[in-house]
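Notes follow the structure.
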Amino acid sequence: MKLVSWNVNGIRAIVGKGFTDIFNEIDADIFSIQESKMQEGQLKLELPGYHQYWNYAERKGYSGTAVFSKKEPVSAVNGMGIDEHDKEGRLITLDMGDFYFITVYVPNSQNELKRLDYRMKWEDDFRDYVSELDKEKPVIICGDMNVAHEEIDLKNPATNHMSAGFSDEERAKMTELLGAGFTDSFRFLYPDTEDAYSWWSYRMRARERNVGWRIDYFLVSNRIADKIKDAKILTDVMGSDHCPVELDIEL
């Protein structure tokens, strides 16, 4: 089974950059996006053979997630049942029968970490939410988690210490999430691989120079980690400041 996640930084913009061709070529069983930046009715995306599930932010042109699945899920749920989080369209959960599939766009702590307190609340509530699901059956979580967990996960850890996405607090919350029973699929297979990034600033030719961060993940319940076949970062796919990440798993 091939699963793909991509922060597209605006689905309407990326459709004009060949999104449909990329989507068809990848041919994932489940393809999820973050930061759709659209409201219902602003785009009709034709993806034959896929069931579409969208979660829109109340604020226009902001956040938003979607999942496209070949197999129709048992159910699809937006949000985690907490109003202060759910109004931003950051979470979709599909019950796929044998497992839960979650796509998430974790809040950015922003400049000078001005949203860090909210981010910490989100992290605790999200961990509680996925831990409850994990008690029922295995969970696969994917998306832009807005944190480089370890120093190996970004090009310049020293100069970015305490920047949004690499603060001690954010990194500790990722450690807590993994400690709650989840495995980072990429590091599970490639614990020492360097220069493997999924996001690059638009400034200073960062992508061309591969000065990036790995902030897009596939996490799986520990008990299905042995089912992982591969975890890829599709750096050749252009169109966003992020590239897609892929999980190949046999369930």
side-chain hydrogen bond (donor to acceptor under 3.5 Å, both in side chains) evaluation trace for Asp216 with Ser198: CA-CA 6 Å; Asp216 300 271; Ser198 63; 2.6 Å; yes
Salt-bridge criterion met for Asp241 and Arg207 (N-O under 4.0 Å): no
Side chains of Val8 and His242 in contact at under 4.5 Å (non-hydrogen atoms): no
Worked check of ring pair (Phe, Tyr, Trp, His ring centres under 6.0 Å) between Phe218 and Phe186: CA-CA 7 Å; Phe218 268 97; Phe186 185 80; over 10 Å; no
Student check: side-chain heavy atoms of Asp95 and Pro73 closer than 4.5 Å: no
Pair Arg214 + Asp153, salt bridge at N-O below 4.0 Å: yes
Arg90 vs Trp122 side-chain heavy atoms within contact, under 4.5 Å: yes
Check: Ser240 side chain, Asn7 main-chain N or O, donor-acceptor pair, under 3.5 Å: yes
Shortest non-hydrogen contact from Leu178 toward Asp184: CD2-N, 3.8 Å
Within the 6.0 Å centroid threshold, strictly below: Phe68 and Trp54: yes
Carboxylate-amine/guanidinium contact Asp195 Lys155, below 4.0 Å: yes
Val139 reachable from Val67 in the ILVMFWY side-chain graph, under 4.5 Å edges: no
Salt-bridge criterion met for Lys137 and Glu132 (N-O under 4.0 Å): no
Lys/Arg N to Asp/Glu carboxylate O, Arg119 vs Glu123, below 4.0 Å: yes
Pair His85 and Tyr118, ring centroids less than 6.0 Å apart: yes
Residues Glu136 and Tyr100: side-chain donor-acceptor under 3.5 angstrom: yes
